[in-house]
S.K.: 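Have a look at the structure that comes next, please.
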Amino acid sequence: PYIEDRQRVKDIVGSTKFIEVYVSTPIEECEKRDVKGLYAKARSGEIKDFTGISAPYEFPLNPDITIDTSDVTIEKAVQAVITFVNSKLNLEDE
């Protein structure tokens, strides 16, 4: 959830091999989809350090690709990531 951690991974693997995918979904939508009730448990204090509730989430400053899952289906989201990765791989081969 932290920018610093994502940057550390990018430094380790290299910027040409690192792809930052930001799955942008409003927390309200995450809570609606939560079949296990984890968000409710986090809000009640039963789960500590829950990202977005009792622990921070630092939004990516410049992600390679952003997908708003409140606007697209899972299939379309997956296809967008695959298309992006394939285009990046093809560019590197040239």
Side-chain angles (χ1 to χ4, degrees):
Y2 301 105
I3 291 170
E4 182 179 317
D5 293 336
R6 294 190 295 269
Q7 184 60 50
R8 188 176 310 119
V9 172
K10 186 174 184 176
D11 292 342
I12 291 169
V13 300
S15 61
T16 59
K17 295 180 182 177
F18 181 85
I19 298 171
E20 186 169 29
V21 178
Y22 174 34
V23 180
S24 170
T25 305
I27 197 151
E28 298 81 18
E29 186 64 29
C30 293
E31 289 181 281
K32 269 191 346 192
R33 296 176 184 175
D34 180 20
V35 295
K36 294 182 180 180
L38 298 176
Y39 282 88
K41 289 178 181 179
R43 287 197 184 279
S44 72
E46 200 175 328
I47 298 176
K48 306 285 185 222
D49 298 321
F50 195 87
T51 302
I53 303 295
S54 54
Y57 175 73
E58 297 175 351
F59 298 97
L61 301 176
N62 193 20
D64 296 297
I65 183 171
T66 299
I67 299 172
D68 183 345
T69 63
S70 61
D71 289 341
V72 297
T73 64
I74 291 171
E75 293 78 14
K76 287 184 180 181
V78 169
Q79 189 57 54
V81 172
I82 290 170
T83 299
F84 182 85
V85 170
N86 281 338
S87 70
K88 187 165 172 94
L89 290 173
N90 290 336
L91 289 176
E92 289 179 8
D93 290 339
E94 294 177 2

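In this chain, residues are counted from 1 in sequence order.
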S.K.: Any idea how Y22 and Y57 line up, ring-wise: parallel (<30°), tilted (30 to 60°), or perpendicular (>60°)?
M.R.: parallel
S.K.: Do the side chain of E31 and the main chain of Y39 share a donor and acceptor less than 3.5 angstrom apart?
M.R.: no
S.K.: For a quick test of reading the model, state the closest non-hydrogen atom pair linking K88 to S15 and the distance between them.
M.R.: NZ-O, 3.9 Å
S.K.: Do you know the tightest heavy-atom contact between T51 and P1?
M.R.: CG2-CB, 3.8 Å
S.K.: Testing the basics here: between V72 and K76, what is the closest heavy-atom pair and its distance to 0.1 Å?
M.R.: CB-CB, 4.2 Å
S.K.: For I27 and I53: C-alpha separation, side-chain torsions, deciding distance, then whether side chain to side chain contact (heavy atoms under 4.5 Å, CB included) applies.
M.R.: CA-CA 9 Å; I27 197 151; I53 303 295; 3.5 Å; yes
S.K.: Do I82 and V23 sit in the same hydrophobic cluster, where Ile, Leu, Val, Met, Phe, Trp and Tyr count as joined when their side-chain heavy atoms come under 4.5 Å apart?
M.R.: no
S.K.: Using modelled atom types and a 3.5 Å cut-off, is there a donor and acceptor pairing between side-chain atoms of D64 and backbone atoms of V21?
M.R.: no
S.K.: If you round to the nearest 0.5 Å, how far is NZ of K32 from OG1 of T25?
M.R.: 11.5 Å
S.K.: Could you grab the distance from atom NZ of K10 to atom CD of E20, nearest 0.5 Å is fine?
M.R.: 7.0 Å
S.K.: Is it the case that T69 and R33 place a side-chain donor and acceptor less than 3.5 Å from each other?
M.R.: yes
S.K.: Quick one: which of R8, Q7, R6 gives a side chain to side chain contact (heavy atoms under 4.5 Å, CB included) with E4?
M.R.: R8
S.K.: Indicate if V85 and I67 have the same hydrophobic cluster label, given that clusters are the connected sets of ILVMFWY residues with side-chain heavy-atom separations under 4.5 angstrom.
M.R.: yes
S.K.: First locate atom CD1 of I19, then atom CD1 of I65, and finally report the distance between them rounded to the nearest 0.5 Å.
M.R.: 8.5 Å
S.K.: Tell me yes or no: between the side chains of S24 and T66, is some donor less than 3.5 Å from an acceptor?
M.R.: no
